[in-house]
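Written below as structure tokens is the structure these notes are about.
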Amino acid sequence: MKSSVLVINCGSSSIKYALVPGAEGQPRLAGVAERVGSSDAFLKGIDSRGEHFEEILPGADHTRALEAIFEHLEGRRPDVVGHRIVHGGEHFTRAALINDDVVTAIDQTAALAPLHNSANLEGIAATRALFPDLPQVAVFDTAFHQSMPPRAFRYALPEALYRDHGIRRYGFHGTSHAFVSARADALSGIAGGWLTAHLGNGCSTCAVWEGRSLDTSMGLTPLEGLTMGTRSGDVDPGLHAHLARQLGWSLQRIDEVLNRGSGLLGLSGLTNDMRELEAAAQAGHENARLSIEVFCYRIAKSLAALSCALPRLDGIVFTGGIGENSALVRENVIGHLPHFGLVLDRNANTETVRGREGRIDSGHLAAPRLWVIPTDEEGRIAAETRQLLDETTP
Ligand code: AMP
């Protein structure tokens with residue numbers, strides 16, 4: 001029987017978890033502890049009967065929140081824990097069995113993602129202390145993109161910045177791009193060339209050829225690339241100096257505005273929630289309409305740019321909260337790419353909703369395929385965790 005995997009995604013104030021069973025047909029248990037470290041910390045999730053629960057955990061730190069998560073596993077003890085780690089730098093090209101050396105290496109890449117990696121390490125430390133006899137595996141968001149060639153991952157900056165400081169493009173959302181492109185291969189019966197668009201609160205595109213990432217829209221940090229919920233995506237690199245010189249903005253303020261006050265939220269002045277933006281645009285809110293227009297145009301532009309990485313384009317895959325749900329966004333993106341010969345089936349597009357896989361092109365043999373594929377990052381992390389465990393267990 002396959003191992004059951006507890007997938008942990010530990011942030012600075014939240015811990016998402018999913019117990020992915022080894023046996024077919026067993027339900028997945030999943031939930032999230034939020035406001036960890038504060039007086040109003042709580043845990044909510046879904047049990048094996050599909051019912052929702054919520055428990056308040058006043059003052060719970062990461063260790064206490066993890067204990068509470070274990071108490072909600074209904075006695076189902078995992079065989080292994082798989083940790084989602086945001087940044088693996090160049091050190092990790094695939095998942096790794098966690099030991100002291102691996103922890104040190106993750107710590108050494110923390111300069112590239114200070115908030116994320118240190119929170120991930122806190123989760124690892126707490127889980128190892130609580131369950132010292134459980135094997136633990138680190139699965140990296142960046143690892144899938146380590147197959148990018150230098151022409152895609154290097155910035156045109158002085159070589160020493162790369163050599164001495166690791167300044168290059170890394171890419172993120174690797175587990176999602178890996179999952180949906182593998183699924184597109186399986187559904188289409190080919191090892192294809194796919195452009196994948198992960199469109200959620202964070203957004204990125206990826207060019208995947210025969211299961212390998214050849215280029216992606218995010219870079220050194222998850223700020224590069226597409227317009228996102230609250231992140232600006234690409235701006236003129238001269239913007240930072242301009243804001244500092246002309247408006248006297250501090251680095252902290254620039255960082256804050258570009259990461260948390262921009263994107264759909266900044267453009268619309270309303271919200272980062274695409275559902276609300278679609279409703280507001282329909283009701284005549286001009287900036288909501290504009291934010292959707294910019295969002296879709298930037299996605300199309302990114303897909304067109306990434307197509308240069310592929311020897312052949314077999315299709316485009318949409319995923320993430322917006323990619324899986326918004327027929328409007330999909331139609332607008334496809335509308336900006338007439339030269340790709342894409343033929344959208346409008347009925348299939350509007351009928352494909354969250355949780356459902358759907359092919360939304362007309363089925364014309366010469367045209368690239370258009371897929372909507374729900375992402376399953378937990379499932380992919382569990383699969384990579386199992387694979388590594390199988391390889392390392394005699
Ligand atoms: P994620 O980060 O993948 O959970 O995606 C969050 C985004 O998906 C938010 O912008 C939501 O507004 C968007 N979303 C979820 N459901 C829908 C829907 N039915 N229509 C449009 N956008 C949606």
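By convention here, the first residue in the shown sequence is residue 1. Order of appearance sets the numbers: ligands from 1, and atoms from 1 within every ligand.
Using a distance-only test at 3.5 Å, with no hydrogens or angles considered, a donor-acceptor pair links the side chain of T142 to the main chain of G88. No donor-acceptor pair under 3.5 Å is formed between the side chain of S176 and the backbone N or O of H173.
Shown in contact with N272 at under 4.0 Å from a heavy atom are these atoms of ligand 1, numbered in order with element: 10 (O). Those atoms of ligand 1 that come under 4.0 Å of a heavy atom in N201, given as number and element, are 1 (P), 2 (O), 5 (O), 6 (C). Taking a cut-off of under 4.0 Å to the non-hydrogen atoms of G200, the atoms of ligand 1 that pass are 1 (P), 2 (O), 3 (O), 5 (O). The I322 neighbourhood of ligand 1 comprises atoms 7 (C), 8 (O), 10 (O), 13 (C), with distances under 4.0 Å to a heavy atom of that residue.
Taking the centre and axis of the six-membered ring of W249, the NZ or CZ atom of R253 falls inside the cone set by 45° and 6.0 Å. Figure legend: cation-pi geometry between R168 and Y162 absent, as NZ or CZ is not positioned both under 6.0 Å from the six-membered ring centre and within 45° of its axis.
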Take R183 and D185 through the test salt bridge (Lys or Arg N to Asp or Glu O under 4.0 Å) and record every step on the way to the result. CA-CA 5 Å; R183 193 72 199 126; D185 278 347; over 6 Å; no
Decide side chain to side chain donor-acceptor pair (under 3.5 Å) for S326 and E278; before the verdict, give the C-alpha distance in whole Å, the side-chain angles of both, and the deciding distance to 0.1 Å. CA-CA 9 Å; S326 177; E278 287 186 13; 2.5 Å; yes
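Geometrically, ligand 1 and L199 share no nitrogen or oxygen pair separated by less than 3.5 Å. At a 3.5 angstrom cut-off on N or O pairs, M274 counts as close to ligand 1. Polar contact check, D273 against ligand 1: a nitrogen or oxygen pair lies under 3.5 Å apart.
Two rings, from H145 and F153, have their centers 6.0 Å or more apart.
Of the candidates E278, R275, M228, the one placing a heavy atom closest to atom 23 (C) of ligand 1 is R275. Within the set N325, L264, T271, the minimum heavy-atom distance to atom 19 (N) of ligand 1 is found for N325.
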